[in-house]
Structures are given as C-alpha cells and as structure tokens.
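Here the structure comes first, spelled out in structure tokens, and everything after it is commentary.
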Amino acid sequence: MPIKVRFPPSPTGLLHVGSARTALYNWLFARHTGGTLVLRFEDTDRARSTDEAIEQALRVLEWLGIDWDEGPTRQSERMDVYRETAERLISEGKAYRCYCTPAELDEERTRRQKAGEPVIYSGRCRRLTAVERDAFEAEGRPSAVRLHVDPAGETVIEDVVRGTVRWENALLGDHIILRSDGTPTYQFANPVDDIADGITHVVRGEDLLSSTPRQLAAYRALGAPEPVFAHLPMILGPDKKKLSKRHGAVSVEEFRDRGYLPSAMRNYLALIGWSFDDKTTVMTTPELIERFSLERVNTSPGVFDPAKLEWLNGEHLRMLTPEEYVRELQSYLERVGSPLAQHPERVAEVAPIVQEKLRELAQFESFAGFLFGPVTYEDEAVRRVVDDPDAPRAVESAKASLEALPEWTAAAIEEALRAACHETGLKPRVLFFPLRVAISGRTVAPGLFESLELLGRDESLARIDALGRKFTLEG
RNA sequence: GCCCCCAUCGGCUAGCGGCCUAGGCCUCCGCCCUUUCAAGGCGGCAACACGGGUUCGAAUCCCGUUGGGGGUACCA
C-alpha cells in the first residue's frame, strides 16, 4: 500500500523549530518512500486561529524547501462534514448529546480529583431518558456531542518509535467531539480527516501520544482501518522545558533572517531525534532523504542547541560552490534590506574571501563592510595597536614596501609584506596586525592580502596613513 | 491526584548481552598553521541517574526508586 502522511499544524501561533522538525520528518519519510504528503491546517479553534499564522507557516515551509502533494486544506472549510459525521454517530448510538454545564463538569472533575480517581466524564448524559432530554431541549440548554467510548478492554498501538503502548479504555471517558457551538474538537476533526485523506502513517510529536486512544476510538466508531503511529521525541529548550516563545531563537524565520541556509536547518533538525549512524553529522538533503527511516528515530527528548546549528550552517556555507555562495549572499542581503545589496559586483568580488570564515550570512556586514565604504574603528582594535610599541615601525615599513609595489595583486602584496618582515625583523603577526586594523578597523577580518587587493592601492595607503596619524596623536 | 512516555559526556547522539578501560559531532580548554580570527589541523576535559534482580557476562533484558517530560479542556 502506498504511504501517505500529513503535516497538520494548527495556525494559532508561530511555527517553531519543533513543528518544523515534525514537518521535516514527514517530508523525509514521504520522499524516501515515494509516498504522499498532505498539508492541512487544523483551524477548528476559531478564536485562536489566524490567517497570519497560516501565511507564516507557508513561508516557513517554502523556505525550508518542504513541499507537499495535496492541500493545503483547511478544517474550517469542512465544518459540515464533521457535523454530519457526528450526527450519523448519534443516530447509530455511538455518540450522544451532553447537556452538562461547565460548572457541573468542573465540579465533577474536582470531586474525582480529590477522591484520587481518574478525571473522566461520568457518562451521565448518555443515560438520559427521552423525557429528560426533551426537557433540556425545551429549556434551551446548549449541548455538546460526546463519543461513547466502550470502557471494556484496552487500546493498544504498535508505535514505530515507541513500541507497544497500551491504555485501559475504562480510563478514557467519553470525550467531546462537537462543541456546543457545533464546531468539532481536535480529537474528532483530526481522525475524520486522516480517514478521509487515507493517511497510512501518523508521524507527530510525543505530546500527542496521550490523545491517541481517543482518536482511535473515533476510528473504531467510524469503522475505519487504523493508521501506523510514530511519535517523535519532543524538542526541549535549554532549560529542558517544552519549547516556547520564552526560549528566544526558536522561530524558524529568525534563523532565515540571520542568514541560515535551509539545507543546514534541515540537516540540524533531522539530527534531533534521529541519526544515520555513529559518525555522520554533515548531510546534504538528498542524503537525508536517502538515509532517513522512522526505525532510527530515537525515544528520548532533545535540547535545541543553537551553537551546533550555527556550526553546521558554516559547514553548509562552505559546501556551496563560489557561484552559489555569491547568489545566496546577494539574495540574503537583498532580503534583509542591507545597503550592501546595492553593490552586487562588489559583493561578488568579496564573497570568495569570506566564504571560508562566516557561519551566518548576517556576519557579512560587520565582517566585510570595510570593503564597501569608510572604516569604522573598534576601540578594542585601535587600543591594541596603540599599545603595541612595534606598531609605528611596522606601519612605516609596510607603507614603504606597498608604495613601491608595481603591481597591486594579493600575491605581490604578500611578497612585499613578507619582505618587510624580513627587513624589520618583525614577526608576521606583529607586522600584519596593525595593517589589518588600519584597513578594516577590526581585529577579525578576511585575509589581509586579499583585502588589500580588493581595497585598492590608494584607499589602502590612505587608511594606513590615517592609522599612523592616530598613534602619533595618541601615542 | 490519575494515565502515558523518557533516562549514556554541558548539548546532539552511537550502542539493540561479550567488539565498551563506552565511539562520533557541537561547546569549552590547550597547541599548530613564522597573519588577527569566528576558517583549517592536532590534542584534551567530560557520561552509562540510583537500587535490586536475570545471566558465565549488562550501558544494553526485567522490577523498583528518583528525576524529567507530556496528557488529563466544549486548546491543538
């Protein structure tokens, strides 16, 4: 039987890395097996669902390169289906109307809680006589619809990642499938759609494991074949708590905006809860698709580690061809509205000398901005030069050799500067450091010789002069 | 309270009874690359939660404890 999976986010907030990982696993599984992926928005909670959230989710999926084969559908457009299905269940005696008020339900809950009993619905309204029911209706009492869950026996699943998991049916209670306003609950809309869509594998977060028996009760009531379940371990914040907005950088778009590559994000996300073997870390997306399997998903929750993502992004940045790198960099600069985006030719010239160092494209502006316009000096960098007794000599000698240079290329510059080292007896690190600060204003920058070449002779010498004046003034 | 899940270095993980004096990656710390450095190379610190079993033999299997997580909604 062909495999069919789905990713059904509820558009009630930002799609964070946890949901993105779930989407990714479904996608990898579908692509690996040649199956089908369905995208569905579960927006039955009208109060909390927003169009903005849907648009955001779509943007994230597009950026991540996760495409789908069917949908996106919206549950809010299928309200009549859920209602009709619930009605049918009522007429078949598998569901019933419940007239209990929130206050009554609340009271029952606290009473059971105190008594140390499982907190489930008593099933009181299931036993209502026709007369009692008519009375409630006449009274105009609102009613919800509950699914009658047979308390006998147990519900057992063979979870692909967790193995056998079982629940006593007596501990389930009759849950609500249709609210009193006529809208379906997740416990109902979700299985109804999964059945309608012919979903064969339900791959989702572990937070949904406990709700599985309730959904399976719906499958049974509807006489549908059960899907295979795979509950993925949760992704936790650094405090080992469930991921939330409180944890800062967990919104996928935030990483996109800092210049992360989708391929790096996919690689990193794939590695929380899954591994290929004991050695492989860096993987391209085709490799991920080729190697992914639900059987190798592990059971324990994982902490989201931005540091490793950052490292991995550097790896993926370096895997790009020079041409690809320029394209990524230029489009990144445009997307974030960087002024440097105005100079695509310059970006193309500079890109090769930063590719080996950057971990995030967002670092580009501070790392290479000095090649686009005037320098701004970091206090720290200037101070270190001013405090260096050898600096004046270094600058003077370097300046002399550079001025005499017939040809302004990185190779010639390197040769001249190394000769200057030899003449002055200064170590390269000592002689080069003030030059780096002079042209870039920073202690951390791309390669010195390449930077000088790109900057041009006049500008380079002007900056070296400017720094020289700085320490005749301050030193 | 009740139900379910989980438990290897600071983090991600490998390990599915002997190959483990526990391997890889990130982080951190050193050293090297007669150029800073966030790049590269080399090296180092660092873990089987605890207690009982089972077994010739347990990180691996079973039970319990502890700890963490999730659910227990007319949220998803």
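- Looking at heavy-atom distances under 4.0 Å, A:I176 makes contact with a base.
- At B:C74, none of the side-chain N or O atoms of A:R97 fall inside 4.0 Å of OP1 or OP2 (strictly under the cut-off).
- Look at B:G1: its Watson-Crick or wobble partner, with both distances under 3.5 angstrom, is B:U72.
- At the heavy-atom level, A:A189 lies nowhere under 4.0 Å from the strands shown.
- Here A:R166 does not reach the OP1 or OP2 of B:C4: none of its side-chain N or O atoms lies under 4.0 Å away.
- Counting any heavy atom pair closer than 4.0 Å across all strands shown, A:G314 reaches no nucleic acid atom.
- Base engagement by A:Q363 is indicated by at least one non-hydrogen atom pair under 4.0 Å involving a base atom.
- Note on A:S180: every side-chain N or O is 4.0 Å or more away from OP1 and OP2 of B:C74.
- Residue A:P118 places its side chain closer to B:C2 than to any other of B:G1, B:A76, B:C2.
- Nearest nucleotide to the side chain of A:M234, out of B:A76, B:A39, B:G69: B:G69.
- At the heavy-atom level, A:Q113 lies under 4.0 Å from base atoms of the strands shown.
- Distance from the side chain of A:T299 is smallest to B:A7 among B:A7, B:C5, B:C74.
- Between A:R296 and the phosphate of B:G15, there is a side-chain N or O to OP1/OP2 separation shorter than 4.0 Å.
- A:K279 comes within 4.0 angstrom of sugar-phosphate atoms only, judged by non-hydrogen atoms across all strands, and of no base.
- Each of A:L309 and A:D277 has a nearest nucleotide on RNA chain B; the 5'-most of these lies closest to A:D277.
- Closest approach to the A:F432 side chain among B:C25, B:U13, B:U35 is made by B:U35 (side chain taken as heavy atoms from C-beta onward).
- Contacts of A:E315 with the nucleic acid, taken as non-hydrogen atoms under 4.0 Å apart, involve only primed sugar atoms and P, OP1 or OP2.
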- Task: Run the numbers on A:D197 and A:R40 for salt bridge (Lys or Arg N to Asp or Glu O under 4.0 Å), then give the verdict.
- Result: CA-CA 10 Å; A:D197 292 340; A:R40 174 167 76 222; 2.8 Å; yes
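- Note: A:F276 and A:W274 have tilted aromatic rings, judged against thresholds of 30 and 60 degrees for the angle between ring planes.
- In this entry B:A22 has no Watson-Crick or G-U wobble partner, no candidate having both defining distances under 3.5 Å.
- Residue-level contact check: A:S440 touches neither bases nor backbone, having no heavy atom under 4.0 Å from any strand.
- The nucleotide whose nearest atom lies closest to any side-chain atom of A:V303 is, among B:G70, B:C37, B:G11, B:G11.
- Here the nucleotide nearest the side chain of A:R162, chosen from B:G1, B:C5, B:A38, is B:C5.
- Of all nucleotides listed (B:U35, B:A39, B:A76), B:U35 comes nearest to the side chain of A:F449.
- If you measure from atom CZ of A:R141 to atom C1' of B:C74, you get 14 Å, rounded to the nearest angstrom.
- Atom CG of A:D379 is surrounded by 12 or fewer heavy atoms from other residues, nucleotides or ligands within 6.0 Å.
- When heavy atoms are screened at a 4.0 angstrom cut-off, A:R48 is found touching base atoms of the nucleic acid.
- Of the residues in residues 204-215 of chain A, those lying under 4.0 Å from RNA chain B by heavy-atom distance are A:E206, A:D207, A:L208, A:L209, A:S210, A:R214.
- Results of the side chain to side chain contact (heavy atoms under 4.5 Å, CB included) test with A:V395 over A:D390, A:I464, A:V437, A:V385 single out A:I464 as the only residue that passes.
- Straight-line distance between the P atoms of B:A22 and B:C48: roughly 11 Å, to the nearest whole Å.
- Ring planes of A:Y121 and A:Y96: parallel class, angle under 30° (limits at 30 and 60°).
- Among the atoms of the strands shown, base atoms are found under 4.0 Å from some heavy atom of A:R442.
- Among the nucleotides B:C74, B:U34, B:U27, the one closest to any side-chain atom of A:R146 is B:C74.
- Counting any heavy atom pair closer than 4.0 Å across all strands shown, A:E168 reaches no nucleic acid atom.
- Neither OP1 nor OP2 of B:G24 sits under 4.0 Å from any side-chain N or O of A:T280.
- Partner assigned to B:G30 is B:C42, using Watson-Crick or G-U wobble distances below 3.5 angstrom.
- Using a 4.0 Å cut-off, some side-chain N or O of A:R109 falls inside it from OP1 or OP2 of B:A73.
- Contact annotation for A:V119: base contact, defined as any heavy-atom pair under 4.0 Å involving a base atom.
- Using a 4.0 Å cut-off, no side-chain N or O of A:N190 falls inside it from OP1 or OP2 of B:A76.
- If you check B:A76, B:A38, B:A7 against the side chain of A:S300, the one that comes closest is B:A7.
- Two residues, A:P9 and A:P301, neighbour RNA chain B, and the one matched to the more 5' nucleotide by heavy-atom proximity is A:P301.
- With both pairing distances under 3.5 Å, B:A7 is matched to B:U66 as a Watson-Crick or G-U wobble pair.
- Distance from the side chain of A:L105 is smallest for B:C74 among the nucleotides B:C74, B:G23, B:A76.
- Remark: the separation of the C1' atoms in B:C6 and B:C25 is 23 Å, to the nearest Å.
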